[in-house]
Every structure is written in structure tokens, then in C-alpha cells.
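Note sheet for the following structure.
Just so you know, these numbers come straight off a predicted model, no measurement behind them. Numbering of ligands and ligand atoms starts at 1, following listing order.
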Amino acid sequence: MSERIDGVEVVECTRCPALCDARSQIVNGVGTTTPPILFVGEAPGATEDREGEPFVGRSGTVLNEALRNRGLARRDVRITNCVRCRPPENRDPHTDELANCREHLEREIDGVDPTVIVTLGRVPSEHLLERDVTVTNEAGDVIERRIGGEPRRIVICVHPAATLYDRSQEETFASAIDTAVSLVGGDVGGQARLGDF
Ligand code: URA
């Protein structure tokens, strides 16, 4: 197994043979390294695999707009995935793949120390909470859970793509994001504002 880590970035990793075969590149988290909010998705899709950045496809457009509506830019927060390599055919990541990538995710969470974690969809919600989650019912719930070394606050959220397929999820998505933003209070947006001058 070959592996190279640089801070919270995984430069080289061959833990999952099927994902190594299918990926174009490893997709690390992006955004500030001192995030008030860390968004955790499932795994890169085709666009993310090509561009090397999480949430840059259609789901990313929904997430970006939700951030923008609250005066935030991607660089004000951090965005990552449970699994850093694109699963073939966009299938869900397998249990062993989630487990293999868990150390990378925990290193990132410990390293960037977010005030709040928002889980985008069922897979990251179940992965971090280690139980079954019905995201449509539980979206907006705030749960404390020890992850890696520290107790963390997690806000369950529906996946942004859910709003594209089911308009009734738009309100659920928006109100979970509002909950996360209200939990971090005024501690967001400063870096974008400074950077804009
Ligand atoms: N969906 C995810 O869960 N992650 C991405 O990076 C893109 C889409």
C-alpha cells in the first residue's frame, strides 16, 4: 500500500483497489483551514473527479447558492467528502471504502477543527453518526458526537441534489443550513469580506 499525506491532504493512497482503478485523481477537501462550518458529502462524482474539487457539479451549484444567500463564499467554509475517490458508476461507497477513508476524514476534522459539521445526505450522516439516519425526517437535528479526538456538533442535512429531484426538499435543505449558520453565530464570512478588498 502506498500512501503520502501532506497536512490534511491525501497526496497518494492505494487503500481501495476499485476506487484507485476508477479515479482520475484524489479529491481533497477545499476551503479555509479554520472553518466555522465543515460540509461533509459522500464521494466525488464525475465532475469532481475531473476537476479535483468537491461539489463542483450540479450539487455544488445548489450548495454555492445556499452559501451565497447567507453572505458566504466557499472559501469561508470547508467542503469535503467521506470518500476522496470517485466510486465507479457513481455507486455508493462500500463499507470497506468508507472505513479505509475514515482516517483521512478524521485527520481533516482534527486538523481544521470546525465549529459545526454539516452532513450532506444519508451516507455521511450515517457514517459520522454510526447509526441509521432518515435524513428527510432528521434534517436540522443537531447531534453531539465524538469524532476522532473531540466531541463535535453535527447538523444533519439532506443532500443538495435532493432539492433538484424533489422541490419539497428545498425548504428542508435551507432550514438545516440556517441551523448550522445560526450555531456559528457571527463567526462566518469575515475572510471573504477581507479578501474582497
Ligand atoms: N456529491 C457528493 O456527495 N460529493 C461531491 O463532491 C459531489 C456530489
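Under a 4.0 Å N-O distance rule, the pair Glu65/Arg68 does not qualify as a salt bridge. Comment: Glu108 engages Arg84 in a salt bridge, judged by a side-chain N to carboxylate O separation of less than 4.0 angstrom. In this structure, Glu97 does not pair ionically with Arg15, as no charged nitrogen and carboxylate oxygen lie closer than 4.0 Å.
The shortest N/O to N/O separation between Phe55 and ligand 1 falls below 3.5 Å. Backbone and side-chain nitrogen or oxygen atoms of Ser59 are examined, and none is located within less than 3.5 angstrom of a nitrogen or oxygen of ligand 1.
Between the side chain of Asp76 and the backbone N or O of Ala73, at least one donor-acceptor pair lies under 3.5 Å. The closest donor-acceptor contact from the side chain of Glu48 to the backbone of Gly45 lies under 3.5 Å. Side chain of Arg70 to backbone of Ala66: a donor-acceptor contact under 3.5 angstrom is found.
In this structure, Glu53 has no heavy atom closer than 4.0 Å to ligand 1. Using a 4.0 Å cutoff on heavy atoms, Ala43 counts as a contact of ligand 1. Proximity of Asn81 to ligand 1 is established by a heavy-atom distance of less than 4.0 Å.
Listed by atom number, the atoms of ligand 1 under 4.0 Å from Gly41 heavy atoms are 3 (O). For ligand 1, the atoms sitting less than 4.0 Å from at least one non-hydrogen atom of Glu42 are 2 (C), 3 (O), numbered in the order shown with element in parentheses. Atoms of ligand 1 lying under 4.0 Å from any heavy atom of His159, numbered from 1 in the order shown and given with element: 1 (N), 2 (C), 3 (O). Every atom of ligand 1 with a heavy atom of Pro54 under 4.0 Å away is listed here by number and element: 6 (O).
Between His159 and Tyr165, a ring centre-to-centre spacing not shorter than 6.0 Å is recorded.
By the criterion of a heavy-atom distance under 4.0 Å, the side chain of Glu48, and not its backbone, is placed next to ligand 1.
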